[in-house]
Amino acid sequence: MMSAFLATIAAAVAPWMPHLVVVPVVLPLVAAALLLVIGEGRRGWLVAGSLTATATTLAVAIALVAWVDAKGATPAIAVYLPANWDVPFGIVLVADRLSALMLAVTAGVAVCALVFAVARWQRAGVYFHPLFQLQVMGINGAFLTADLFNLFVFVEVMLTASYALLLHGSGRSRVQASLHYIAINLVASALFLLGVAMIYGISGTLGMADVAQKLPAIPAHDRGLLYAGAALLGIALLTKAAVWPLNFWLVPAYSVAAAPVAAIFVLLTKVGFYAILRLWTLFLAPHGDSAARFGADALVLGGLATIAIAAVVMIVSRNVRRLAALAAMMSTGTLVAVLGFGSAELLGGALYYLLGSTLAVATLFLLADLVERARERGTDATADEDIAEPPPFSFDGRGVTGHVNLDDEEAALIGRPIPIALAFLGLTFIVCVLLIAGVPPLAGFLAKFTMLAALVGRDGDAVSLLRWAVVVVMIASSLVALLVLVRTGARYFWAPQGRAAPRLAVIECLPIGGLVAAVVWITVAAGPMLRYTTVAAEHVLDASEYVQAVARTRAVPSPTHDSRPGGGAVR
């Protein structure tokens, strides 16, 4: 059913594909400019414009996923030349299975985070909506670009918007965490730019596909510079992906950010992982010499350390926001660790795990805001004094269960009614626990089972000590996450007695419900999703089709001159 649905969408959008590739970058940029012109005084227009742009980006991302998957195992790669300059002289945007999948995840989380922000967080500071659109534009651009310098530019756009969004609100903790976050990312960006300069000096080009074609011809005496440039790029990207020991900035920053901002921040570490995956497979992994394993063991060991550190810190953490930040760190560690083995089956399971974990952690950040507000309601406190209470369209337990007074004896016999708002929070929290811990029957378990099956080998294949280490750490971290999150759930939902029923805004519950529905959908569609992610992993590990698709693309000639005004190309 899903394949037929995607095929229908692909057939409908096929004539527009050359231009759809650039929409996820141009649309948020144009929306940000228009929202600045509208100004803060017209809140309704701001909300309508921002939601329309983000929802349209989601629709375009789904159309791209449908198009790249329409040919089954045959690679479908859309290449667009925004300035219509021939490769490798102009900017190139490329949409394949991996980048289209990342665009869809980004847009889905962005829509839900934006709807959640409409209730209250958009009023905590100025220019929330333009900054949010620039954040989405930077993330989308990083997933689509096929040029090293433009990858740097899009990452910097993404980070610049995140600096302002992290300060959205008030409080000393936000300012302190923001200063640390900015300082660390500026250092990482400097290393990134230095690595790009070294690779440009060696290869004479910045196009990713062009670099991949020229690197095998680099003489042996220059390979040291290649490895040095790759190492600098790796350090910068591992810092942005929050891999140990470069991840000490993540928990303080993410735990103090506004809930919708923290939800979209979950994608920032995935940008780091995506860039490592893309550049490593293009520049190093395809070559059959010592470069093929350059950095592989470092990725595995760094991922293992990240998982272990996150699990240990989880044990002593009590705050839901900190637990969500640690879960994001654990997710990235898992992805980086399995990447180092270079297995398509293992990486396919990891990409499926990326889907479920991203949705779960984003949901947990949104849920943490509601849970903490519900705890503080008894003392008439709010998380931020400068934010108004939620809109009047809200619900709690009294409208459903009625006001029932039970003495202790009656309560022991027939129990107490559970307010519908508290039930919603509890059930959603359970879904997040099952996903993050990898417990059956949701997608987190299916993804981890797929990865573990690929790690231990089949048909009597030898299993290395490093593979067994990943297996043990993944299972142990899942148990730790399960115990810690269950303990936290009992503390928030079971232990309290006599606390007033939480009051939730419907507009805040809708995006959480949407994310949970997406989790259920990817669980039900696990077969097609795993097929998609496995094929995506095969094609990203064998980057030849990606390189050839970019190299074959030519500028569209003018109708009146054999030159180049405007247009794009698709392969």
Side-chain angles (χ1 to χ4, degrees), residues 109-125 128 132 135 162 165-171 173-174 177 250-267 317-328 358-391 393-396 419 421-433 435-436 485 488-489 491-493 496 499-516:
V109 173
V111 168
C112 294
L114 188 58
V115 172
F116 189 92
V118 168
R120 61 199 303 262
W121 280 108
Q122 63 167 340
R123 298 187 292 275
F128 174 83
F132 191 90
Q135 177 88 87
S162 72
L165 287 174
L166 184 57
L167 287 167
H168 193 74
S170 62
S173 60
R174 278 202 184 99
L250 185 143
V251 174
Y254 282 33
S255 59
V256 301
V261 173
I264 198 71
F265 276 12
V266 175
L267 296 160
S317 298
R318 296 293 186 271
N319 183 271
V320 182
R321 291 175 184 262
R322 290 182 62 85
L323 290 174
L326 291 166
T358 302
L359 296 174
V361 176
T363 305
L364 192 56
F365 273 119
L366 300 182
L367 190 64
D369 188 58
L370 301 184
V371 170
E372 292 176 356
R373 196 190 315 157
R375 283 175 59 86
E376 295 165 346
R377 185 170 178 247
T379 58
D380 294 328
T382 56
D384 290 80
E385 295 179 357
D386 56 334
I387 302 176
E389 284 297 313
F393 300 100
S394 56
F395 63 94
D396 55 22
L422 186 61
F424 174 81
L425 294 178
L427 291 174
T428 306
F429 186 82
I430 290 173
V431 171
C432 294
V433 171
L435 271 171
I436 293 171
L485 290 171
T488 303
R491 176 169 171 252
Y492 278 89
F493 301 109
R499 183 171 296 161
R503 184 178 177 84
L504 306 179
V506 173
I507 197 172
E508 291 177 314
C509 296
L510 286 176
I512 294 177
L515 289 171
V516 171

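This structure is a prediction, so every number in the text was calculated from the model and none was measured.
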Between Ala368 and Val320 the two heavy atoms that sit nearest each other are CB-CG1, 3.5 Å
Step by step, would you call Leu366 with Leu515 a side-chain contact (heavy atoms from CB on, under 4.5 Å)? CA-CA 10 Å; Leu366 300 182; Leu515 289 171; 3.9 Å; yes
Closest non-hydrogen contact found for Ile264 with Val261 is CG2-O, 3.1 Å
Task: Min side-chain heavy-atom separation Val251-Leu326 under 4.5 Å - done: yes
On a heavy-atom basis, the closest approach of Ser317 and Leu323 is CB-CD2, 3.8 Å
Value for SG (Cys509) from CG (Leu370), rounded to nearest 0.5 Å, stands at 6.0 Å
| Would you say the side chain of Thr358 lies within less than 4.5 Å of the side chain of Val109, judging by non-hydrogen atoms? | yes
Heavy-atom nearest pair, Leu166 first then Ala257, reads CD1-CB, 3.6 Å
Interatomic distance, CG@Asp369 vs CG@Leu364, rounded to 0.5 Å, equals 11.5 Å
When rounded to the nearest 0.5 Å, the distance separating CD1 of Ile512 from CZ of Phe429 is 12.5 Å
So, do Leu114 and Phe128 sit near enough that their side-chain heavy atoms are less than 4.5 Å apart?
yes
Closest non-hydrogen contact found for Ser255 with Arg321 is O-CD, 3.1 Å
The single option from Phe132, Phe365, Tyr254 that satisfies ring pair (Phe, Tyr, Trp, His ring centres under 6.0 Å) with Phe265 is Tyr254
Scanning both residues in full, the closest heavy-atom pair of Ala113 with Pro260 reads O-CB, 3.2 Å
Value for CG (Leu485) from SG (Cys432), rounded to nearest 0.5 Å, stands at 9.0 Å
